Amino acid sequence: MTKIALFSSKSYDKEYFERFKPQSEIEIRYFKSALNEDTTELAKGYDVVCVFVNDQINQTVLTYLKNHGTRLIALRCAGFNNVDLEAAKDLGIKVVRVPAYSPSAVAEHAMALILTLNRKTHKAYNRVREGNFSLERLTGFNIHQKTIGVIGTGKIGKAFCEICLGFGAKVMAYDLYPDSNLEEKGVLYSSIDELFRQSDIISLHCPLNSDTKHMINKDAFKVMKDGVMIINTSRGALVDTKAAIKALKKHKLGYLGIDVYEQEENLFFHDHSESIIEDELIMRLISFPNVLITSHQAFFTHEALEQITTTTYENITDFAEGNELKNEVKSEN
Ligand code: NAD
């Protein structure tokens with residue numbers, strides 16, 4: 001019997017994990033709380049700990065898990081910046097992830113943010129409901145023939161480039177490993193500075209690591225076009241939020257669409273509508289008319305939830321049966 005403690009559990013996690021439960025001997029306990037130093041005791045005695053983007057799996061948490069029977073961390077996401085891989089390696093705990101769960105879901109959400117910010121459909125919806133049929137201040141711009149800069153052209157970035165090409169945009173890209181297939185389709189790879197200089201819209205699709213943290217900072221804004229649109233559906237800390245707020249105040253940053261936020265752990269995925277929100281930065285961002293925030297929902301489609309669930313079960317079954325872990329993530333050191 002494999003015992004799984006599933007953290008940060010929501011109704012949809014339980015629905016999909018129960019629906020796709022394999023025949024093999026598996027017992028799952030669903031915990032609504034996130035996994036962090038305050039909640040590790042809940043995982044006592046579970047072979048597998050199943051976590052999501054805002055669980056904090058640092059050295060202290062991993063040491064507790066190791067001492068209380070956990071042998072596998074199964075991430076229900078692609079990004080693994082919230083796991084101390086070095087500590088996991090030292091402690092002999094394996095880490096697996098879901099490398100791809102509908103890249104189109106995230107790419108399509110990035111385009112949804114662009115279209116909403118640009119054509120202001122969220123404002124039009126509210127206006128019309130109140131009997132206001134005026135077009136004043138709803139002017140947008142054509143995406144056709146604009147330059148869209150894509151940073152990171154892996155699975156999601158590639159799907160996003162293809163959507164942008166479909167709109168007739170000029171697509172520039174920056175990646176450590178350019179994709180020749182995208183180049184054949186007309187994507188132009190350049191230096192990151194050239195991409196910053198030429199793009200009307202910049203969309204982030206690279207992972208968060210020590211090289212990419214705050215890649216969108218005050219120096220980057222200096223190079224960009226006035227009124228640039230930035231879209232972040234990757235990880236919050238790619239953008240220096242304080243620098244973005246300054247750029248918004250100076251009208252340098254014309255539009256900001258974010259599905260991720262650097263201090264999202266204590267906010268996203270929860271209803272705070274009856275609370276006093278103490279995070280001053282997010283409240284300032286919310287106050288701008290040209291900022292659109294969604295709370296890490298880019299992945300959230302039926303197709304992606306099914307993929308996350310089935311791949312997580314495959315990862316856990318492979319581990320339980322001693323098979324090769326094809327979706328293992330390891331420390332590079
Ligand atoms: P991927 O690994 O397929 O692609 C990442 C790409 O980024 C690769 O091509 C890689 O070469 C490139 N890259 C790495 N370092 C770079 C750097 N310093 N500069 C430029 N490019 C760099 O990953 P993916 O599946 O496309 O996912 C991308 C990111 O999207 C993930 O890291 C994750 O953080 C995020 N994500 C968000 C959601 C959401 O719901 N908002 C869902 C899934 C993934």
Side-chain angles (χ1 to χ4, degrees), residues 77-79 97-119 121 140-209 211-212 215-216 220 223-225 227-235 238-239 253-260 292 294 297-304 306-308 311 326-327:
C77 51
R97 65 172 179 145
V98 183
Y101 42 94
S102 190
S104 303
V106 181
E108 287 170 17
H109 191 78
M111 184 48 85
L113 291 176
I114 293 174
L115 291 174
T116 308
L117 273 170
N118 174 16
R119 304 306 296 268
T121 41
F141 59 86
N142 287 9
I143 291 177
H144 185 247
Q145 293 187 345
K146 290 291 180 304
T147 300
I148 303 184
V150 183
I151 301 183
T153 53
K155 291 175 285 295
I156 296 170
K158 184 171 186 170
F160 179 73
C161 285
E162 285 165 352
I163 291 172
C164 296
L165 290 169
F167 272 77
K170 175 181 168 192
V171 183
M172 293 184 73
Y174 171 72
D175 195 300
L176 307 178
Y177 306 98
D179 180 320
S180 55
N181 179 254
L182 281 177
E183 284 178 309
E184 280 164 24
K185 289 179 177 170
V187 173
L188 299 163
Y189 280 89
S190 73
S191 69
I192 195 159
D193 269 6
E194 200 49 41
L195 182 150
F196 284 157
R197 227 184 310 281
Q198 290 196 32
S199 299
D200 301 294
I201 299 169
I202 296 170
S203 192
L204 309 178
H205 300 286
C206 61
L208 173 64
N209 55 39
D211 292 336
T212 59
M215 70 183 341
I216 305 298
V223 185
M224 291 177 201
K225 282 187 180 176
V228 63
M229 179 189 289
I230 292 187
I231 301 295
N232 187 7
T233 56
S234 191
R235 283 291 180 267
L238 295 176
V239 176
L253 180 53
Y255 312 79
L256 177 66
I258 55 173
D259 185 54
V260 287
L292 179 60
T294 53
Q297 72 174 78
F299 75 100
F300 203 50
T301 63
H302 294 300
E303 292 83 353
E306 182 174 334
Q307 186 71 54
I308 288 171
T311 305
K326 52 186 177 302
N327 296 323

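Every value quoted in this text rests on a predicted model; they were computed, and no experiment measured them.
- Shown are Ile163, Ile231, Leu292; of these, the side-chain contact (heavy atoms from CB on, under 4.5 Å) with Ile114 is made only by Ile231.
- Residues Phe196 and Ile216 meet the side-chain proximity criterion, which asks for heavy atoms closer than 4.5 Å.
- Relative orientation of the Tyr101 and Phe299 rings is perpendicular, given thresholds of 30° and 60° on the angle between their planes.
- Between Val150 and Leu182, every side-chain heavy-atom pair lies at or beyond the 4.5 Å cut-off.
- Contact record, Val187 with Ala173: CG1-CB, 3.6 Å, taken as the closest heavy-atom pair.
- The shortest non-hydrogen separation linking Val98 to Gln307 is CG1-O, 4.3 Å.
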* Would you please test Phe167 and Leu115 for side chain to side chain contact (heavy atoms under 4.5 Å, CB included) and show each step? => CA-CA 11 Å; Phe167 272 77; Leu115 291 174; 4.0 Å; yes

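- Interatomic distance, CD1 of Ile202 versus CD1 of Ile230, reported as 5.0 Å (0.5 Å rounding).
- Using a 4.5 Å heavy-atom threshold, the side chains of Ile143 and Ile148 count as touching.
- Remark: Thr311 OG1 to Glu306 CD distance equals 9.5 Å, nearest 0.5 Å.
- Panel note: side chain Lys225, backbone Gln198; a donor-acceptor pair is recorded below 3.5 Å.
- Tyr189 meets the side chain to side chain donor-acceptor pair (under 3.5 Å) test with Thr153; sequence neighbours excluded.
- The backbone N or O of Cys77 sits nowhere less than 3.5 Å from a side-chain atom of Arg97 that would complete a donor-acceptor pair.
- No side-chain heavy atom of Thr233 sits less than 4.5 Å from a side-chain heavy atom of Leu204.
- When all heavy atoms of Pro178 and Asp175 are compared, the pair lying nearest together is CD-O, 3.9 Å.
- A side-chain donor-acceptor contact under 3.5 Å links Asn209 to the backbone of Thr212.
- Remark: Arg197 engages Glu194 in a salt bridge (charged side-chain N to carboxylate O under 4.0 Å, His left out) (not counting sequence neighbours).
- Listed for the Lys185 side chain is no donor-acceptor partner under 3.5 Å among the backbone atoms of Asn181.
- Pro99 approaches Ala78 most closely through the heavy-atom pair O-CB, 3.6 Å.
- One distance of note links CG of Asp200 with CG of Asn142; it measures 11.5 Å at 0.5 Å rounding.
- The two residues Tyr174 and Ser190 have their closest heavy-atom pair at CD1-O, 3.4 Å.
- The side chain to side chain donor-acceptor pair (under 3.5 Å) check on Asp259 picks up Thr294, with sequence neighbours excluded.
- Distance CD1/Ile156 to NE2/His109: 12.0 Å, rounded to 0.5 Å.
- To the nearest 0.5 Å, atom CG of residue Leu238 and atom CD1 of residue Ile258 are 11.5 Å apart.
- Scanning both residues, Ile151 and Met215, for their nearest heavy atoms gives CG2-CE, 3.8 Å.
- Met111 is not listed as a side-chain neighbour of Ser203, based on a closest heavy-atom distance of 4.5 Å or more.
- We find the SG-CG distance between Cys161 and Asp179 to be 8.5 Å, quoted to the nearest 0.5 Å.
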